Amino acid sequence: MKKSEAMDKPINEIALLFSEGSLEPNDILDVVLENIRRNESRVHAYLFVENETVLRAEADSATLEIKRKNPLPLLGIPFAVKDNTFVAGMPCTGGSRLFPGFVPRHDSFAVSKLRRNGAIILGKTNLDEMAAFGVETNNPHFGRTFNPWNLRHIPGGSSGGSAAAVSSGEAIASSGTDTGGSVRIPASFCGLTGMKPTYGAIGRSGSFGMSWSLDHFGCLTRDVRSAALLTKIMSGEDQSDSSTFGSPQMGQHQFSDSPDLKGVRICKLANPLVESNAEVSRAFEESVGVLTQLGANVGDLKLPYLEDIKSAIFAIALAETAAYHEEWLRTKPDLYGGNLKSFVELGHAILATQYLKAQRQKSVITERIAGELSKFDALIVPTAPSTAPEIYDEQALNYSDKQDPNFEELTENTYPINFLGLPAISIPNGFADGLPIGLQIASGHWRETTIYKIADAFQQVTDHHRRRPPLDQN
Amino acid sequence: MAGLDPASISTMIMSFERVEIDPQTFEKLSPLLDIVATGLNTSTVELKPETEPCFMKLPRSFNK
C-alpha cells in the first residue's frame with residue numbers, strides 16, 4: 001500500500017497497520033509534511049506548524065511504543081488543533097491580537113486527552129477572530145483560509161483552518177469548537193465528517209470561548225469511525241468546566257460491517273428556517289433514499305419554537321460574548337477586527353431581563369423538543385442550505401453579482417442544535433459543481449451511538465467521504 | 001430603594017455603561033436587536049413562575 005493511501009483509512013485502521021508493522025508513524029508524517037509543503041501556501045490552514053525535528057522525535061517515540069505493544073489508540077496520529085485551544089509550548093492567538101506572544105504552559109482538557117492517548121500535535125489552525133460570529137475563516141489579523149475543493153470558495157467557519165487541514169491531507173484529523181455550527185459547516189463545505197457531541201460531553205477548559213451556554217468542543221475527520229473514537233477520547237468530566245459535571249462517560253461504540261438500519265426511525269425536519277438550494281435538496285432526497293434502502297423508516301417532523309430559538313439564541317450569544325470580552329473591549333478596543341468588535345459592542349445592548357428570559361425559554365424549548373425527538377431515533381436536515389459560497393472580493397470591480405456570505409442564513413440548520421445541546425454530525429452526501437454537500441444527523445441528548453450507527457451505515461454504502469479535493473488542478 | 005431618586009439611579013446605571021456602541025455598528029446590526037426584542041416579546045413559549053434558566057438544569061443521562 002502507498003503511504004498516501006493509508007491517509008484515507010479510519011484512525012483505528014491506521015493504528016492496526018502500525019501494530020502489524022506494515023506502516024510506521026514516520027510514514028504518515030512524511031505524507032502530512034509533504035502535503036503541508038505542497039498545499040499550505042495556497043490553502044492557509046495553519047497559523048503555526050511545529051518544527052519538523054520535534055515532530056520527527058515524537059514519531060520516533062511513537063514507533064518505539066508501538067513496538068513495545070503499547071495499545072494507546074492514537075499513537076503516531078498527526079492531529080491539528082484549532083488556535084483557540086491551548087497546546088503546551090505552542091503559541092495560541094485565538095485568531096486575535098489580544099494575546100501577543102502567549103504560549104500556554106498547559107494543554108487544554110481535550111488536547112491533554114489526545115496527547116495522553118498518543119496523538120502528535122502538528123500545529124494550530126486558522127479561525128474567525130475568537131471563533132465568534134464568523135462562517136468564512138476570514139481572519140482580520142492572519143488572513144483567509146481557502147477551500148481545498150476550490151480555492152475561490154470559503155472553507156466555512158469558524159473552524160475553517162481545521163477543516164482545510166484535514167481536507168488537503170495536512171492532518172489526519174483536527175479539533176474544532178462549535179457555537180452555532182463552527183465544526184459542522186466547515187465539515188460540510190470541505191467534504192469531511194464533523195462531530196459535535198452533547199453539550200457537556202467534552203470539557204472546554206484551556207480554550208478561548210465565545211458563549212458558555214452554547215460552546216461545544218468537536219472534531220473533524222474523514223470518516224465516522226474516527227470521529228467516534230476521538231469524541232470518546234476527548235470526553236469526560238473536566239474539573240474546570242461545570243458543564244461537564246455529572247456527564248456520563250462515553251463508551252466505545254461497536255461498529256458493524258453489515259450496515260443495517262431496520263427499525264431505525266428517522267425524521268426529516270419539515271419546517272426548516274431556511275430553504276436549501278436545488279443541489280442541496282437533491283442530495284438530501286437521495287440520502288433519504290439511501291437511508292430507506294438501508295431499512296430506516298423516514299418520516300417528517302415539524303419542530304415547534306424554531307423562530308423562538310432564533311431570538312433567544314441571539315440574546316444569549318450576544319450577551320455572553322459581550323460579557324466574555326467586556327474587559328478587553330474596554331481596555332484594548334483597537335486590537336479588535338471590525339466584525340467581532342461590532343458584535344461585542346452590540347451585545348452590550350442586550351438587557352439582563354432579555355438574557356434571562358432567553359435562558360428560561362431555553363429550558364422549556366429544550367424539554368419540549370427533546371420530547372418530540374424521543375418519538376424518533378434521529379433528525380436529519382441539510383447541514384447548510386448551499387455549498388461553500390464564493391469568496392466575496394471587496395477589491396474586485398465587478399462583484400455586484402456576489403453576496404457576502406450570510407452568517408445567519410448559513411447557520412439556520414445548525415444553531416438550533418447548539419441551543420438544544422443535542423449531539424449532531426455532518427457527513428458528506430453529495431457534490432455540486434465540484435463542491436461538497438453535507439448531511440446533518442442529530443439525535444437526543446447522549447444518543448451519540450445512534451448517530452454513529454446511522455452515519456456509519458451511510459458511509460459504508462456511499463463514497464462521498466472518500467473523494468479528495470483536486471488541489472493539483474486548482 | 002428608599003433615598004434613591006430616579007435621577008441618581010440613572011446616574012448609577014450610566015456609570016456602568018463603559019462600552020459605547022458605535023452608531024454605524026448599531027445601524028448595521030440593530031436588526032438583530034429587533035429579532036431579540038420582538039421574538040422574546042411575542043414568543044408563545046409558556047414560562048411558569050418556577051421555570052428556571054437553562055443553565056440551572058442540564059440533561060445528565062445516556063438514553064440508549
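The sequence lines fix the lettering, A, B, ..., with proteins before strands; numbering per chain opens at 1. Since the model is a prediction, treat every value here as computed from it, not as a measurement.
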Contacting region of B/T44 [heavy-atom separation from chain A under 4.5 Å]: both

I need the A/K310 NZ to B/T38 OG1 distance, nearest 0.5 Å. 12.0 Å

Gap between atom CD1 of A/I313 and atom CD1 of B/I35 - 0.5 Å precision: 12.0 Å

For B/S43 and A/D308, which heavy atoms make the closest approach, and how far apart are they? OG-OD1, 2.8 Å

Please name the pair of heavy atoms, one in B/P53 and one in A/S363, separated by the smallest distance, quoted to 0.1 Å. C-OG, 3.3 Å

Less than 4.5 Å to any heavy atom of chain B: does that hold for the side chain of [X], its backbone, both, or neither?
| X | answer |
| --- | --- |
| A/Y355 | side chain |
| A/F314 | both |
| A/E307 | neither |

Residue pair B/E46 / A/V364, side-chain heavy-atom distance below 4.5 Å: no

Using side-chain heavy atoms (C-beta onward) and a distance below 4.5 Å, is A/Q361 in contact with B/L40? yes

Take A/R360 and B/V45, measure what side-chain contact (heavy atoms from CB on, under 4.5 Å) needs, and give me the verdict at the end. CA-CA 9 Å; A/R360 295 176 75 208; B/V45 179; over 6 Å; no

